[in-house]
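Okay, structure first, notes after.
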Amino acid sequence: MTKVLVFGHQNPDTDAIGAAIAFANLQKELGVDAEAVALGTPSEETQYALDHFGLAAPRVVESVVAEEADVMLVDHNEFQQSISDIEKANILAVVDHHRIANFQTADPLYYRAEPVGCTSTIVLKLYKENNVTVPKAIAGIMLSAIVSDTLLFKSPTCTEQDVAAAKELAVIADVDLDSYGLAMLKAGTNLSDKSEAELLDLDAKSFPMADKTVRVAQVNTVDLDEVFARQDALKTAMIAENAEKGYDLFLLLVTNILNSDSELLVAGEPREKVIEAFNVQLENDRAFLPGVVSRKKQVVPQLTAAFEG
């Protein structure tokens with residue numbers, strides 16, 4: 001039997017790692033030789049969840065070819081967000097909640113995509129559909145993923161399905177949903193000991209838009225001013241990233257998890273697309289975005305429309 005690796009996107013967040021762990025466990029229950037791996041180390045938020053539920057972080061892999069394995073993707077499908085040699089991989093399955101773009105396979109595959117707030121919400125459905133019991137620790141990491149992706153249900157990406165799944169998983173995991181969720185989110189806001197480059201790489205994805213490549217990074221905080229006290233250094237690092245990796249436009253979305261607002265820092269061109277997308281003026285390379293917390297729903301679609309308009 002060929003080994004199967006299950007992994008989420010680069011710069012993995014809690015859902016990318018949690019959904020990989022949960023989906024790999026389900027596959028093993030169904031007789032597949034599956035292993036959850038990751039395309040990067042866990043964030044502090046994710047590590048908090050792993051430690052709380054006694055789970056080990058998946059090992060980090062860099063090449064499918066080197067592993068001699070088939071793959072299943074969770075929490076992403078776009079090739080530029082995946083492992084470096086994804087084009088050479090035999091993709092058996094995808095479970096995702098994002099747009100479908102820049103994705104193709106040579107062979108048929110299982111593909112499950114739903115417009116919910118978190119991939120782990122879909123994975124829970126798959127456990128039920130296959131009559132597989134969710135273990136306590138697996139329930140905990142799936143719950144953590146839903147809390148993370150929906151910002152404890154404050155994100156506009158959150159659906160009633162996510163809320164119901166989180167409540168069900170909290171019972172299995174034996175935690176108080178609200179108190180655990182807030183503690184986990186706060187664990188991910190300790191930014192003071194991270195370099196500018198580390199901040200920009202915590203949760204960042206690249207998107208082709210028209211003939212440009214746009215990089216959108218997001219960091220969560222409880223104090224916007226604390227992050228923007230480092231604005232000059234962050235801007236310098238963003239410009240360096242653009243030059244080194246070929247990004248045309250780099251956006252840093254800094255989100256306050258307590259009041260659900262964000263502020264944007266911009267480096268590169270075409271800046272007028274940012275102005276058009278969010279109907280704002282940039283002052284000192286910044287724009288305040290009230291009520292914006294979701295890159296997937298409140299940033300990327302607006303930017304895409306501006307670039308393609």
Side-chain angles (χ1 to χ4, degrees), residues 1-47 49-51 55-98 100-113 119-120 122-123 126 137-138 141-142 145 194-195 197-198 200-208 213 215 217 240-241 244-247:
M1 182 184 298
T2 302
K3 179 172 66 174
V4 176
L5 299 182
V6 183
F7 53 82
H9 51 75
Q10 298 172 23
N11 304 313
D13 57 10
T14 304
D15 191 30
I17 287 181
I21 291 172
F23 192 57
N25 180 75
L26 173 62
Q27 293 302 315
K28 283 186 273 190
E29 291 292 324
L30 297 176
V32 177
D33 182 17
E35 178 190 3
V37 296
L39 305 189
T41 56
S43 67
E44 289 185 56
E45 175 194 278
T46 307
Q47 193 62 55
L50 291 168
D51 292 343
L55 293 168
R59 66 185 179 95
V60 176
V61 298
E62 297 181 353
S63 167
V64 171
V65 173
E67 294 284 337
E68 298 182 351
D70 294 335
V71 303
M72 296 180 178
L73 310 183
V74 295
D75 200 31
H76 76 297
N77 66 83
E78 299 187 48
F79 277 11
Q80 76 275 6
Q81 296 173 8
S82 198
I83 201 163
S84 59
D85 56 354
I86 188 63
E87 294 89 350
K88 299 177 183 178
N90 181 30
I91 303 173
L92 301 179
V94 176
V95 182
D96 193 16
H97 69 131
H98 295 93
I100 300 171
N102 310 309
F103 178 88
Q104 61 181 19
T105 62
D107 299 307
L109 75 163
Y110 177 86
Y111 201 112
R112 180 76 168 260
T119 307
S120 291
I122 308 170
V123 176
L126 294 174
I138 298 295
I141 199 64
M142 293 168 72
K194 294 179 175 59
S195 69
E198 288 172 328
L200 295 176
D201 205 40
L202 278 176
D203 181 8
K205 294 181 180 180
S206 301
F207 302 90
T213 299
R215 183 76 162 173
E241 286 273 297
E244 178 184 349
K245 299 182 179 176
Y247 308 137

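- Between K28 atom NZ and L30 atom CG the span is 12.0 Å, to the nearest 0.5 Å.
- Under the salt bridge (Lys or Arg N to Asp or Glu O under 4.0 Å) criterion, D203 pairs with R295, not counting sequence neighbours.
- Partners of Q47 by side-chain hydrogen bond (donor to acceptor under 3.5 Å, both in side chains), not counting sequence neighbours, listed by chain and number: D51.
- Considering CD of Q81 and CG of L73, their distance stands at 11.0 Å, rounded to 0.5 Å.
- Taking all atoms of both residues into account, the shortest heavy-atom contact from A38 to P58 is N-CB, 4.0 Å.
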Contacts table for residues 83-95: side-chain donor-acceptor under 3.5 angstrom, sequence neighbours left out:
{"residue": "S84", "atom": "OG", "partner": "E62", "partner atom": "O", "Å": "3.1"}
{"residue": "D85", "atom": "OD1", "partner": "V64", "partner atom": "N", "Å": "2.9"}
{"residue": "D85", "atom": "OD2", "partner": "S63", "partner atom": "OG", "Å": "2.8"}
{"residue": "D85", "atom": "OD2", "partner": "V64", "partner atom": "N", "Å": "3.1"}
{"residue": "D85", "atom": "OD2", "partner": "V65", "partner atom": "N", "Å": "3.1"}
{"residue": "N90", "atom": "ND2", "partner": "D70", "partner atom": "OD1", "Å": "3.3"}

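- Partners of Q10 under the side-chain hydrogen bond (donor to acceptor under 3.5 Å, both in side chains) rule, at least two apart in sequence or in another chain, do not exist in this structure.
- When the salt bridge (Lys or Arg N to Asp or Glu O under 4.0 Å) test is applied to K245, the partners found at least two apart in sequence or on another chain are E241.
- Checked against side-chain hydrogen bond (donor to acceptor under 3.5 Å, both in side chains), D96 has the following partners two or more places apart in sequence or in another chain: N77, H98.
- Every residue meeting the salt bridge (Lys or Arg N to Asp or Glu O under 4.0 Å) condition with R112, not counting sequence neighbours, appears here in chain and number order: E114, E129.
- Scanning both residues, D13 and H9, for their nearest heavy atoms gives OD1-NE2, 3.4 Å.
- A search for salt bridge (Lys or Arg N to Asp or Glu O under 4.0 Å) contacts involving E67 returns K3, R59, not counting sequence neighbours.
- To the nearest 0.5 Å, atoms CG (D201) and OG (S43) are separated by 12.0 Å.
- Expressed to the nearest 0.5 Å, how far CZ of R215 lies from CZ of F207 amounts to 9.0 Å.
- Residues L39 and V61 meet the side-chain proximity criterion, which asks for heavy atoms closer than 4.5 Å.
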Stepwise side-chain contact (heavy atoms from CB on, under 4.5 Å) test for L50 and I141: CA-CA 7 Å; L50 291 168; I141 199 64; 3.8 Å; yes
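- Checked against ring pair (Phe, Tyr, Trp, His ring centres under 6.0 Å), Y110 has no partners two or more places apart in sequence or in another chain.
- By the side-chain hydrogen bond (donor to acceptor under 3.5 Å, both in side chains) test, E29 pairs with no residue at all, sequence neighbours left out.
- Here salt bridge (charged side-chain N to carboxylate O under 4.0 Å, His left out) pairs that include residues 72-82, with residues two or more places apart or in two chains, are E78-R99.
- Residues A34 and V6 share a closest heavy-atom pair of CB-CG2, 4.2 Å.
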For residues 14-25, tabulate all N or O donor-acceptor pairs below 3.5 Å that involve a side-chain atom, not counting sequence neighbours.
{"residue": "T14", "atom": "OG1", "partner": "E45", "partner atom": "OE2", "Å": "2.5"}
{"residue": "T14", "atom": "OG1", "partner": "T46", "partner atom": "OG1", "Å": "2.8"}
{"residue": "D15", "atom": "OD1", "partner": "S120", "partner atom": "N", "Å": "3.2"}
{"residue": "D15", "atom": "OD1", "partner": "S120", "partner atom": "OG", "Å": "3.0"}
{"residue": "D15", "atom": "OD2", "partner": "T119", "partner atom": "N", "Å": "2.9"}
{"residue": "D15", "atom": "OD2", "partner": "T119", "partner atom": "OG1", "Å": "3.0"}
{"residue": "N25", "atom": "ND2", "partner": "Y127", "partner atom": "OH", "Å": "2.9"}

